[in-house]
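Comments concern the structure below.
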Number of protein chains: 2
Amino acid sequence: MNEVFEALAHPIRREILKLLRKRAMSAGEIAEHFTIAKPTLSGHFTVLKNAELVTTERQGTTIIYRLNMSVMEEALAAFMALAGAKGK
Amino acid sequence: MNEVFEALAHPIRREILKLLRKRAMSAGEIAEHFTIAKPTLSGHFTVLKNAELVTTERQGTTIIYRLNMSVMEEALAAFMALAGAKGK
DNA sequence: ACCATATTTCGGTATTTTCCTAAATAACAA
DNA sequence: TTGTTATTTAGGAAAATACCGAAATATGGT
């Protein structure tokens, strides 16, 4: 769970998650939303993947990223435990 | 809001918030729960304060830390926006 | 004024994070 | 095989973070 919170600490990574909330996207499509270099973005993908916040699937030459909702929900629950909400 | 997510990224800071969820505590009381040096902990307090996740009040020679529930709730809402929950 | 306690600030080092360019890999088409 | 596109890995520099011990500050008591 620590990896999840660390992953959420960077604004670009949160923005990526926000994009994926609408629909799964290839690395290239995601990259179109940012001005940073692709290798930098790739590094952010790795962080999100290690935290299991996203999953990947190769389709030919592109790689599709999608949100892992179950981990997102676990993280939300952990956060609610911190915030003191009545929870799930 | 970025400062809030960065503040949440460190396990010790999350643990501090968890402690404060039960009741307000002095810096010293909080320190009793950890093995790290006090100056280090003081640095974590600063991060939490800058994120406005906690407020402080001096009582004589001790300083009382308490959770700032409103910011905690804002953060929770921001997180829910990411996670895709129905909100509020 | 002096002492004791609580907490923070200072100075410095080690580690981690972030970002980039260049090069490597993967898949596919010609 | 050669070329093209999509993406990642490698290498490395700059900045930020985390940590500690020593010193400073703040408060209250004697």
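First the proteins, then the strands, lettered A, B, ... as listed; each starts at 1. Everything numeric in this text was worked out from a predicted model, so none of it was measured.
Taking every heavy atom of residues 48-66 of chain A and every atom of DNA chain C, pairs under 4.0 Å involve A:Arg58, A:Gly60, by number. Near DNA chain C, meaning a heavy atom under 4.0 Å away, the residues from residues 1-19 of chain A are A:His10, A:Arg13. Residues from residues 23-38 of chain A that place a heavy atom under 4.0 Å from any atom of DNA chain C, listed by number: A:Ile36, A:Ala37.
Remark: A:Leu8 CG to B:Asn2 CG distance equals 11.0 Å, nearest 0.5 Å. Note that the OG1 atom of B:Thr55 and the CG atom of B:Leu48 stand 11.5 Å from one another [nearest 0.5 Å]. For the atom pair A:Asn68 CG and A:Leu20 CG, the distance stands at 11.0 Å (nearest 0.5 Å). Note that CD of A:Glu29 and OG1 of A:Thr62 are 8.0 Å apart. Values are rounded to the nearest 0.5 Å. Put simply, CD1 on A:Ile30 and NZ on A:Lys38 are 12.0 Å apart, with the number rounded to the nearest 0.5 Å. Between A:Glu3 atom CD and A:Lys49 atom NZ the span is 13.5 Å, to the nearest 0.5 Å.
Taking every nucleotide of DNA chain C with any atom under 4.0 Å from a non-hydrogen atom of chain A, the first and last of them, 5' to 3', are C:dT18 to C:dC28. The outermost nucleotides of DNA chain D lying under 4.0 Å from heavy atoms of chain B, listed 5' to 3', are D:dA18 to D:dG28.
Under the 4.5 Å side-chain criterion, counting only non-hydrogen atoms from C-beta, A:Val54 is in contact with A:Leu17. Side-chain contact between A:Leu82 and B:Met72 is present, with at least one heavy-atom pair separated by less than 4.5 Å.
With sequence neighbours excluded, the residues forming a side chain to side chain donor-acceptor pair (under 3.5 Å) with A:His44 are A:Arg13, listed by chain and number.
Aromatic ring orientation, B:Phe5 versus B:Phe79: perpendicular (interplanar angle above 60°, classes split at 30° and 60°).
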For B:Thr56 and B:Phe45: C-alpha separation, side-chain torsions, deciding distance, then whether side-chain contact (heavy atoms from CB on, under 4.5 Å) applies. CA-CA 10 Å; B:Thr56 58; B:Phe45 292 152; over 6 Å; no
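Looking at B:Arg66, its side chain never comes within 3.5 Å of a backbone N or O of B:Glu57 through a donor-acceptor pair.
Taking every heavy atom of both residues into account, A:Leu19 and A:Met25 meet most closely at CB-SD, 4.1 Å.
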